[in-house]
Amino acid sequence: MAIADKYGIPVVEDAAEGMGSRFNSQVLGTFGKYGVLSFNGNKMITTSGGGALICRNAEEANQIMWLATQARDAYPYYQHTAIGFNYRMSNVCAGIGRGQMTVLDAHIAHHKHVQKLYEEQMKDIPGVKINRQPENPRFDSNYWLCTMTIDPSVKVKGQENAYKEVIKTAVGGAAGVIHQVDSPVTDCQPNENVEAMRVFMLGKKVECRPVWKPMHKQPVYAGCDVYTNGVEEDIFKIGMCLPAGPYVSDEDVKYIVDCIKEAIVK
């Protein structure tokens, strides 16, 4: 923000998963000129889809809402001096969101509890690390996402079969139609032991997913400029997301950790 303020660059803060997280006691989504939150079905609270835009004042909010409601001029017929859209959340979804707001604190507390359980129960697994926020009072994560990393030296059952077959169905909660591919591998993918862990856990009825593939490695952005030191590619190779939603119980966490231990070849 200091750099953006110095050069007059407006910042749109993508805090999609950050609702309830804080840095220096300031809530994520309130640092930029605008903040964006996601209320997708897998977020801390949900409206089944859509999200929210956080504005600094009423004037900016009115301007945004004008653009989001077709940018109509004040005439009894449709006249437009700007290109607008129809991006409003429906009243039904908004009503669901207002109800969800009443359980936000409980959901955050649950996610923090699940994170603590993972930290306690996974601390002695060689080569596997549960990610956690720094020991610093400036950080207060909502732990919407619990993740672990698997060292490349860790051997996982079924690892020799990783990426041998092309996937023909949607994976990891994907909805709708997916585009079929010809090769089971790409030039940027999780390590074989991470993929083997995903498959093993799925066989135990536990859905663990890879972390997100770096945007610049997506084929659709192949021609775009990128400035990076490669750290996000390293994380993608070793990272994995763990279940942490509102219905994940203490017993579930123990079962998940036991399955992770079972998957590792001693």
Side-chain angles (χ1 to χ4, degrees), residues 16-21 38 40-46 100 103-135 139-163 165 167 169-175 189-213 234-266:
E17 304 92 349
M19 190 167 189
S21 292
S38 172
N40 194 18
N42 65 342
K43 298 302 186 290
M44 192 62 71
I45 62 172
T46 181
Q100 285 273 287
V103 299
L104 174 60
D105 290 342
H107 282 195
I108 293 173
H110 173 79
H111 278 252
K112 289 182 175 181
H113 172 70
V114 169
Q115 168 71 22
K116 186 177 180 181
L117 290 177
Y118 276 130
E119 290 180 10
E120 292 173 349
Q121 298 182 31
M122 295 179 65
K123 61 183 179 181
D124 296 325
I125 305 178
V128 176
K129 182 180 72 173
I130 183 75
N131 295 300
R132 54 187 299 178
Q133 68 183 17
E135 294 289 348
F139 299 94
D140 183 15
S141 174
N142 64 4
Y143 283 114
W144 167 75
L145 188 66
C146 293
T147 61
M148 68 177 182
T149 57
I150 305 176
D151 189 271
S153 64
V154 174
K155 302 301 181 185
V156 175
K157 293 178 180 177
Q159 185 172 330
E160 67 279 2
N161 297 319
Y163 300 121
E165 296 182 3
I167 295 176
T169 58
V171 176
Q189 62 189 22
N191 290 335
E192 291 180 353
N193 60 351
V194 174
E195 170 63 6
M197 180 67 75
R198 182 192 70 81
V199 173
F200 182 90
M201 297 298 283
L202 194 60
K204 295 290 186 178
K205 308 299 182 183
V206 178
E207 186 179 15
C208 297
R209 306 185 192 177
V211 297
W212 279 261
K213 184 167 185 170
D234 293 338
I235 293 172
F236 180 57
K237 292 176 181 177
I238 63 175
M240 176 166 279
C241 305
L242 299 171
Y247 295 107
V248 175
S249 66
D250 292 17
E251 292 75 20
D252 291 334
V253 172
K254 184 178 185 308
Y255 175 75
I256 292 166
V257 174
D258 287 344
C259 290
I260 293 172
K261 293 177 179 178
E262 182 183 347
I264 297 173
V265 178
K266 298 293 194 295

Please table the atom pairs, donor to acceptor, closer than 3.5 Å between any side-chain atom in residues 116-126 and protein atoms at least two apart or in another chain.
| from | atom 1 | to | atom 2 | distance (Å) |
| --- | --- | --- | --- | --- |
| Y118 | OH | P243 | O | 2.7 |
| E119 | OE2 | Q115 | NE2 | 2.8 |

Q159: side-chain hydrogen bond (donor to acceptor under 3.5 Å, both in side chains) partners, not counting sequence neighbours:
none
Donor-acceptor pair, distance only, cut-off 3.5 Å: does the side chain of H110 make one with the backbone of V248?
yes
Could you give me the CA-CA distance, side-chain angles and deciding distance for R209 and R198, then say whether side-chain contact (heavy atoms from CB on, under 4.5 Å) is met?
CA-CA 6 Å; R209 306 185 192 177; R198 182 192 70 81; 5.9 Å; no
Might you point out which heavy atoms bring F236 and W212 nearest each other, and give the distance in Å?
CD1-O, 3.5 Å
Please check: side-chain N/O of T46 versus main-chain N/O of N40, any donor-acceptor pairing under 3.5 Å?
yes
Apply side-chain contact (heavy atoms from CB on, under 4.5 Å) to residues E195 and Q189 and explain how you reach the verdict.
CA-CA 9 Å; E195 170 63 6; Q189 62 189 22; over 6 Å; no
Answer whether the closest heavy-atom distance between the side chains of V156 and E192 falls below 4.5 Å.
no
Hey, is the main chain of P246 close enough, under 3.5 Å, to the side chain of H107 for a donor-acceptor pair?
no
Residues two or more places apart in sequence or in another chain: which of them pass side-chain hydrogen bond (donor to acceptor under 3.5 Å, both in side chains) with S21?
N142
CE-CE distance between M197 and M148, expressed to the nearest 0.5 angstrom
5.0 Å
Hey, are the side chains of M19 and K43 touching, using non-hydrogen atoms and a 4.5 Å cut-off?
no
In this structure, NZ of K237 is separated from CG of D234 (nearest 0.5 Å) by 6.0 Å
To the nearest 0.5 angstrom, please state how far the SG atom of C241 sits from the CH2 atom of W144.
7.5 Å
Taking side-chain hydrogen bond (donor to acceptor under 3.5 Å, both in side chains) as the test, write out the residues that go with E165, two or more places apart.
none
Residue set satisfying salt bridge (Lys or Arg N to Asp or Glu O under 4.0 Å) with D258, at least two apart, ordered chain then number -> K254
Let me see the working for Q133 and Y143 under side-chain contact (heavy atoms from CB on, under 4.5 Å), right down to the final yes or no.
CA-CA 9 Å; Q133 68 183 17; Y143 283 114; 3.2 Å; yes
So, taking the atom named CG in L202 and the one named SG in C259, what distance separates them when rounded to the nearest 0.5 Å?
11.5 Å
Begin from the C-alpha positions of I264 and V154 and carry the test side-chain contact (heavy atoms from CB on, under 4.5 Å) through to its verdict.
CA-CA 7 Å; I264 297 173; V154 174; 4.0 Å; yes
I150 side chain near N191 side chain, heavy-atom distance below 4.5 Å
no
Student check: side-chain heavy atoms of E17 and L145 closer than 4.5 Å:
no
Using 0.5 Å steps for rounding, measure from the NZ atom of K129 to the OG1 atom of T147.
9.0 Å
Holding to ring pair (Phe, Tyr, Trp, His ring centres under 6.0 Å), I want the full list of residues that pass it with Y255, two or more places apart in sequence or in another chain.
none
Within this structure, what is the CE-SG distance for the pair M240 and C208, rounded to the nearest 0.5 Å?
6.0 Å
